[in-house]
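Structure, as structure tokens:
The model shown is predicted, which means the values in this text are computed figures rather than measured ones.
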Amino acid sequence: SSSGLENQIFQYIDLHQNEFIQTLKEWVAVESDSIQPERRQNVTQMVELTADRLRAMGATVELVKLCSHKPDVQSLLLPPLILAELGKDPQKPTVCFYGHVDVQPAKKEDGWKTDPYNLTEIDGNLYGRGATDNKGPVLAWINAVESFRALKLDTPVNHKFIIEGMEEAGSLGLEEIIKENQRFFSDVDYIVISDNLWLSNRKPALTYGTRGNICFSVEVQCGERDLHSGSFGGIIHEPMTDLIALLDSLVDTSGRILIPGVYDDVASLTEEEKKLYEAIEFDLEEYKNNTGVKKFLYDTKEEILSHLWRYPSLSIHGIEGAFHEPGIKTAIPAKVIGKFSIRQVPHMDISIVKRQVIKYLEDVFSKRNSPNKLKVSVPISAMPWVADINDPLYTAARTAIKTVFGQDPEMIRDGATIPIAQMLQNITRKSVMMLPIGAADDGEHSQKEKISRYNYIQGTKLFATLFLEIAKLHGQLQEASNTTTAN
Ligand SMILES: C[C@H](N)C(=O)N[C@@H](Cc1c[nH]cn1)C(=O)O
Ligand SMILES: [Zn+2]
Ligand SMILES: [Zn+2]
């Protein structure tokens, strides 16, 4: 049940939901794709729009210039990072929210029913690139803060924000900035990230772990220019043939990574952990339906969850230089770059995996006796993250979830990567929690990405309730918690 104060806030949020959706529409309209070089200006524009929104709420905003020691793949200017704060009451706890306002690429031709950059509501779902990853959750947090202000209520916590525009590109330059700005985090008590999804379409979740990621580029080159396949096909070692053989050597048909040594440091599965998997409510059919895929590599809940959360996986993402447009172009590409990544887990070591992969690819390549040039590089890598679910921050979030959704959350890990999670935990030593508001069928990185109106609005209420619960952890708001009325 919720308190009188919570009811007042919930009512405000319900009444203003269309305005919140309108702002999301304005944000989705900015093509802040951090992957494609020609969109980098839009990412900066999106960061500035976010900064304006925070300033309008009364926050002090600093735009920090990012400069990465590891140059961006496209050597373009990086968009600035937002460090903002609102409220400095030493009696109150300080909560820092992390989110990102860049998105994955999207084109209508990829199979979207609606324009990906025009947020469109169909049957209670708000479709658009970034709707759930991550503009919707960032705005839900801002809406929650704004609701206290609009109602002239004292904010229960001090707020800090760290918002970036390069997450989808691997959070380039972020680690350096966090290290250089440790003072910003010195008075932060809790860090909350909302950049993943529930495990189910309906049941809320709290996330205490993510996998890391190591992204590889494998370049094979024969000459300086493409060649006619009629005039030269049959007499040269083709780079694409080499590359496909290399990519095909990485993983077997059961999904097992074939690189020797890769599994050596994977933490072994404990009995306690096995029980955690057994206890989780997981609708395999629903999960499968969300993907549109008929058969998974595994059949049981335990196998599926453990292979998503605590074992590594290898995915092949694409080939640069290969002709992928419709029609047949009878050329032999001179240079092709294969891209794949390994989602890595505790206690795998990024530099060891990197060495194992490079050695393996060089061995496979040398057996082909190809005169072509092979170059392997690692443009992006990020560490896995696991948190302590007994931290008071998790207790506060469980209570807030129960208040808003009327049910206990599923305690989950996530197979994806939030590079900042481990960085913040390591560098600041503060409690880090991931509190998703999107449902499992939101389609992150996919066509028809969406967030439902229900999740966006209830998510806003959840964040507002979390502020109150965190204040209670610090002995604040005793009165509010005692003035309980029926929900
Ligand atoms: C989970 C988050 N919304 C996300 O999509 N993160 C990206 C980050 C990344 C990792 N490698 C490159 N980018 C992801 O997990 O793919
Ligand atoms: Zn994201
Ligand atoms: Zn993403």
Legend entry - NZ-OG1 distance between Lys92 and Thr155, expressed to the nearest 0.5 angstrom: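 Atom-to-atom, Lys92:NZ and Thr155:OG1 are 5.5 Å apart.
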Listed by chain and number, what are the side-chain hydrogen bond (donor to acceptor under 3.5 Å, both in side chains) partners of [X], not counting sequence neighbours?
{"X": "Asp115", "answer": "none"}
{"X": "Arg413", "answer": "none"}
{"X": "Glu168", "answer": "Gln104, His445"}

Legend entry - Student check: side-chain heavy atoms of Val28 and Leu126 closer than 4.5 Å: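 The answer is no, as the side chains (C-beta and beyond) never meet within the 4.5 Å cut-off.
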Legend entry - Under 3.5 Å: donor-acceptor pair, side chain of Glu449, backbone of Ala131: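 Such a contact is found between Glu449 side chain and Ala131 backbone.
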Legend entry - Pair His159 and Phe148, ring centroids less than 6.0 Å apart: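 So the answer is no for these two rings.
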Inset, instruction - Answer with yes or no after comparing the ring centroid distance for Tyr208 and Trp309 against a 6.0 Å cut-off, counting only values under it. - result: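 No, the ring of Tyr208 stays outside the 6.0 Å limit from the ring of Trp309, centre to centre.
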Legend entry - For Asp187, salt bridge (charged side-chain N to carboxylate O under 4.0 Å, His left out) partners two or more places apart: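 Residues passing salt bridge (charged side-chain N to carboxylate O under 4.0 Å, His left out) with Asp187: Lys160.
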Inset, instruction - List for me each residue that meets salt bridge (charged side-chain N to carboxylate O under 4.0 Å, His left out) alongside Glu320, sequence neighbours excluded, and say none if there are none. - result: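 Only Lys339 meet the salt bridge (charged side-chain N to carboxylate O under 4.0 Å, His left out) criterion with Glu320.
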Inset, instruction - Look at the rings of Tyr12 and His16 and say which category their plane angle falls in: under 30° parallel, 30 to 60° tilted, over 60° perpendicular. - result: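 Geometry flag for His16 against Tyr12: parallel rings.
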Extract all donor-acceptor atom pairs below 3.5 Å that involve side chains of residues 198-205 and protein atoms in other chains or at least two apart in sequence.
unit_1: Trp198; atom_1: NE1; unit_2: Pro436; atom_2: O; d: 3.0
unit_1: Ser200; atom_1: OG; unit_2: Arg202; atom_2: N; d: 2.8
unit_1: Ser200; atom_1: OG; unit_2: Lys203; atom_2: N; d: 2.8
unit_1: Asn201; atom_1: OD1; unit_2: Asn290; atom_2: ND2; d: 2.8
unit_1: Asn201; atom_1: OD1; unit_2: Asp441; atom_2: N; d: 3.3
unit_1: Asn201; atom_1: ND2; unit_2: Asn290; atom_2: OD1; d: 3.3
unit_1: Lys203; atom_1: NZ; unit_2: Glu281; atom_2: OE1; d: 3.3
unit_1: Lys203; atom_1: NZ; unit_2: Glu410; atom_2: OE1; d: 3.0

